[in-house]
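Values below: all heavy atoms of this structure, side chains included; hydrogens, waters and symmetry mates excluded. Each chain gets a letter, A, B and so on, in the order its sequence line appears, and its residues count up from 1. A quick note: this is a predicted structure, and the numbers were derived from the prediction, not measured.
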Amino acid sequence: MRIYAWLVYFFLYMPIAVIVAFSFNSGRYAADFQGFSFAWYGRALANPFVTKALVNSLIVASVTAVLSVILGTTAALALERLRGKLRAVFDSLIYVAIMVPGVVIGIATLVALASVFDAVNSLMASLWPAAWGSAPRAGLGYGSIIAAHTLYTLSLVILVVRSRLVGMDHSLVEASADLYSTPFNTFRTITLPQLLPAIAAGFLLSFTFSFDDFIIAFFVAGPNTTLPIFVFSSIRRGVTPEINAIGTMILGVSLILLFTVQVLLRDKRQGNAAEAA
Amino acid sequence: MTAALATSNEGRRKSVVTALLLAPTALWFFVLLILPMLVIIVFSLGERGPVGGYQAALTLKQYASLGSRLAAFKNTIMLAPAGTLISVLVAYPLAYFLAVKVSPRWRYGLLVLVVLPFWTSLLVRTYAWMFILSGKGLPALLAAIGFPEIQMINTPFAVLLGIVYAYMPLMVLPIFVSLEKLDKRLLDAAADLGSSPLRSFLTVTLPLSLPGVVTGSLLVFILLMGEFLIPSLLGGGKIFFIGNALVDLFLQSRNWPLGAAMSLTLVIVMLVLITLYVRLTMAASAGKSRSLP
């Protein structure tokens, strides 16, 4: 059984290790390991399309993470106080937003935004004074990627923050209220510090999701190519060692962030482990 | 009476705060989830425009022509359930090992290691298999030690491998949860009554962990139906999932109404499965806060 478990772990990590190992290979192919070199990293980072896509991805992921944390945390706090039908509606929306596949989210967002932009642009064009030149046009770009990513990640933040809220010690909140603290002060000094690890974890998960997502961005990115879109279109043109280097960087970013998430949420898990023991 | 008035005022203030906290998220869900779905419904009743896109109409003919496309999904219909089944077979022993055999000290660390890859880029992980299975990779290595050259990439086998690799971690989690919750005293009781370990497993452990298997399978199956990357990269465009058909309809052949009808059908099938999934997780983890998928 132990051997079986080792085999599964090997299966899970071997392909990742292969990509990392071959990103340092000076030869071109998997079956052709020639020697250690950073050459492919140099090639990748010297490519202006790669750096532009990387910058786009970082912008999108950062804004998505900030927005998701704000929206998700406030929504989680509000949903805690909510009961009945409205609560059930929101709970189902959260599940739907998380489980509907990216393809459908991407398509639906694309179609809806295309219709909205058509209407807005023709309205703007008809209202815009001809003397000012041509009217500004709304279109796909950062905004549409961020909006579509945030739908998924804010739902994720709600789930993470909510599970922390449920496990929170409410006697402190009551004590604070008994001692005549205003609700806002209680929130600031008692609730928020206790929620902070969950909020930070939600931030990092949102960043990771947005940074890694290909399929949603593929539909709604418009002219703003993100790193996964760049990687996908390069793969279509053929496997090159440069992709190994970019892939290793992408994996590195997400693994570091995910490790931090684990550390942040650790005390909760240890609680579970103790309970299980 | 003053007290009652104060309480009702406070109650009103509280609900105003709640509404304000919830408003931005409600707006987000409306504009980016509900509204797009409504647009998809309208589009699915329309007709394809002369240069693609959408032309207003009120017809059900898109839904009628869904059947003709079903032939293209022969692979999906085989591969998605097969991938789900293999994932269960791979994940169950591992979940059992982690939940029952490993000491609690290591248990969560090892579980995290299983789920961790799931949260990293699917694109890069799928590309890794493409790199390994492509002609210059594993087949070349095998040929070098005397095996005949075999085609690995762009086969149903490669797609299946990619699917199991990508989604198996998701299957481990719910099975683990159901096994960990299992009351060990039941097994002691079975042993005291003379049951063999195998019999105890088959009559006690397996039935009690079945909800975990079912939730895991639903979750994986739901995600698989919309999968695009794995068939596209490892199947070489020959193996079509619904996700691939949707990308084709929207971005290449630009038949938006048919694509809309297909998305909507997919979403409806999914809603049914998600409802089932939520019911089952609620029943399985009643009282315990749900861990993340």
| message | For A/Ile19, which atoms come within 4.5 Å of any heavy atom of chain B: side chain, backbone, both, or neither? | response | side chain
| said: So for A/Leu67, is it side chain, backbone, both, or neither that comes closer than 4.5 Å to the heavy atoms of chain B? | reply: side chain
| said: Within this structure, what is the OH-CG distance for the pair A/Tyr152 and B/Leu33, rounded to the nearest 0.5 Å? | reply: 13.5 Å
| Polar side-chain atom of A/Tyr9 near backbone of B/Leu113 as donor-acceptor pair, under 3.5 Å | no
| said: A side-chain contact here means heavy atoms from C-beta on lying under 4.5 Å apart; do B/Thr275 and A/Tyr95 qualify? | reply: no
| said: Quick check: closest heavy atoms across B/Val112 and A/Gln262, and the distance to 0.1 Å? | reply: CG2-OE1, 3.4 Å
| query | Relative to chain B, which segment of A/Thr109 carries a heavy atom at a distance below 4.5 Å: side chain, backbone, both, or neither? | reply | both
| task | Kindly indicate, with the supporting measurements, whether the criterion side-chain contact (heavy atoms from CB on, under 4.5 Å) is fulfilled by A/Phe184 and B/Val17. | result | CA-CA 11 Å; A/Phe184 180 72; B/Val17 172; over 6 Å; no
| field | Interface residue of largest heavy-atom contact number with chain A, from B/Leu110, B/Leu223, B/Leu264, B/Leu122, under 4.5 Å | value | B/Leu110
| field | Non-hydrogen side-chain atoms of A/Met14 and B/Ile132 separated by less than 4.5 Å | value | yes
| field | Criterion side chain to side chain donor-acceptor pair (under 3.5 Å) on A/Arg236 and B/Ser232, from CA distance to verdict | value | CA-CA 10 Å; A/Arg236 276 288 175 85; B/Ser232 150; 3.1 Å; yes
| For chain A, which of B/Ile40, B/Leu271, B/Leu32 has the most heavy-atom pairs under 4.5 Å? | B/Leu32
| Any idea which heavy atoms bring A/Ser254 and B/Ser121 closest together, and the distance? | OG-N, 4.4 Å
| Distance, nearest 0.5 Å, that separates CG of B/Leu123 from CG of A/Asp212 | 9.0 Å
| Contact origin within A/Leu154 toward chain B - heavy atom pairs under 4.5 Å | side chain
| query | Taking side chain as C-beta onward, heavy atoms only, is B/Phe131 less than 4.5 Å from A/Pro15? | reply | no
| message | With a 4.5 Å cut-off on side-chain heavy atoms, are A/Val111 and B/Pro36 touching? | response | no
| message | For chain A, which candidate among B/Ile34, B/Leu229, B/Leu249, B/Leu266 shows the most heavy-atom pairs at distances under 4.5 Å? | response | B/Leu229
| query | Got A/Pro101 and B/Met225 here, is their nearest side-chain heavy-atom distance under 4.5 Å? | reply | no
| task | Check each atom of A/Phe219 against the heavy atoms of chain B and say whether the ones under 4.5 Å are side chain, backbone, both or neither. | result | side chain
| message | Heavy-atom cut-off 4.5 Å, strictly under: side chain, backbone, both or neither for A/Leu257 against chain B? | response | neither
| Is chain A contacted by the side chain of B/Thr120, its backbone, both, or neither, given a heavy-atom distance below 4.5 Å? | both
| request: Could you tell me which of A/Leu255, A/Thr150, A/Leu77 has the largest number of non-hydrogen atom pairs under 4.5 Å with chain B? | output: A/Thr150
| remark: The interface call for A/Ile215 against chain B, heavy-atom contacts under 4.5 Å, is side chain
| message | Report which part of B/Val267 has an atom under 4.5 Å of a heavy atom belonging to chain A: side chain, backbone, both, or neither. | response | side chain
| request: Keeping the roles fixed (side chain from B/Trp119, backbone from A/Phe209), state whether a donor-acceptor pair exists under 3.5 Å. | output: no
| Of the backbone (N, CA, C, O) and the side chain (C-beta and beyond), which part of A/Phe214 lies under 4.5 Å from a heavy atom of chain B, both, or neither? | side chain
| Mind checking whether A/Val103 and B/Glu227 have side chains closer than 4.5 Å, heavy atoms only? | no
| remark: To the nearest 0.5 Å, atom CE of B/Met37 lies from atom CD1 of A/Ile105 at 5.5 Å
| said: Would the distance check show the side chain of B/Tyr127 and the main-chain N or O of A/Ile243 forming a donor-acceptor pair, the cut-off being under 3.5 Å? | reply: no
| request: Pick one of side chain, backbone, both or neither for A/Ser155, based on which atoms fall under 4.5 Å of a heavy atom in chain B. | output: side chain
| request: Provide the closest heavy-atom pair for A/Arg2 versus B/Phe97 in the form atom of the first, atom of the second, distance. | output: CA-CE1, 3.7 Å
| task | Would you confirm whether A/Arg81, through its side chain, and B/Ser15, through its main-chain N or O, come within 3.5 Å as a donor-acceptor pair? | result | no
| note | Checked B/Phe250, B/Tyr165, B/Phe29 vs chain A; the most non-hydrogen pairs under 4.5 Å come from B/Tyr165
| query | Is chain B contacted by the side chain of A/Leu71, its backbone, both, or neither, given a heavy-atom distance below 4.5 Å? | reply | both
| When only pairs under 4.5 Å are counted, which of B/Leu22, B/Val39, B/Leu38 shares the most heavy-atom pairs with chain A? | B/Leu22
| task | Output the option from B/Ile222, B/Thr126, B/Leu116 having the highest count of non-hydrogen pairs under 4.5 Å with chain A. | result | B/Leu116
| query | Do other residues, nucleotides or ligands put more than 12 heavy atoms under 6.0 Å from the OH atom of A/Tyr13? | reply | yes
| query | Are B/Met168 and A/Leu12 side-chain neighbours, meaning at least one heavy-atom pair lies under 4.5 Å? | reply | yes
| remark: Rounded to the nearest 0.5 Å, the CG atom of B/Leu35 sits from the OG atom of A/Ser115 at a distance of 8.5 Å
| By a 4.5 Å heavy-atom criterion (distance strictly below it), what part of A/Leu86 contacts chain B: side chain, backbone, both, or neither? | neither
| Parallel, tilted or perpendicular for A/Phe218 and B/Phe228, by the 30°/60° rule? | parallel
| message | So for B/Val114, is it side chain, backbone, both, or neither that comes closer than 4.5 Å to the heavy atoms of chain A? | response | both
| note | Note: vs chain B, highest number of non-hydrogen pairs under 4.5 angstrom among A/Ile107, A/Thr208, A/Ile158 is A/Ile107
| message | Taking side chain as everything from C-beta outward and backbone as N, CA, C, O, which of these in A/Ile250 sits under 4.5 Å from a heavy atom of chain B? Side chain, backbone, both or neither. | response | side chain
| Nearest-0.5 Å distance that lies between atom CG in B/Leu94 and atom CG in A/Leu7 | 10.5 Å
| query | With only heavy atoms counted, which part of B/Ala19 is less than 4.5 Å from chain A, the side chain, the backbone, both or neither? | reply | neither
| message | Out of A/Ala147, A/Gly247, A/Ser92, A/Ala148, return the one with the most heavy atom pairs under 4.5 angstrom to chain B. | response | A/Ala147
| field | A/Tyr4 vs B/Val90 side-chain heavy atoms within contact, under 4.5 Å | value | yes
| field | Closest heavy-atom pair and its distance - A/Ala75, B/Thr25 | value | CB-OG1, 3.3 Å
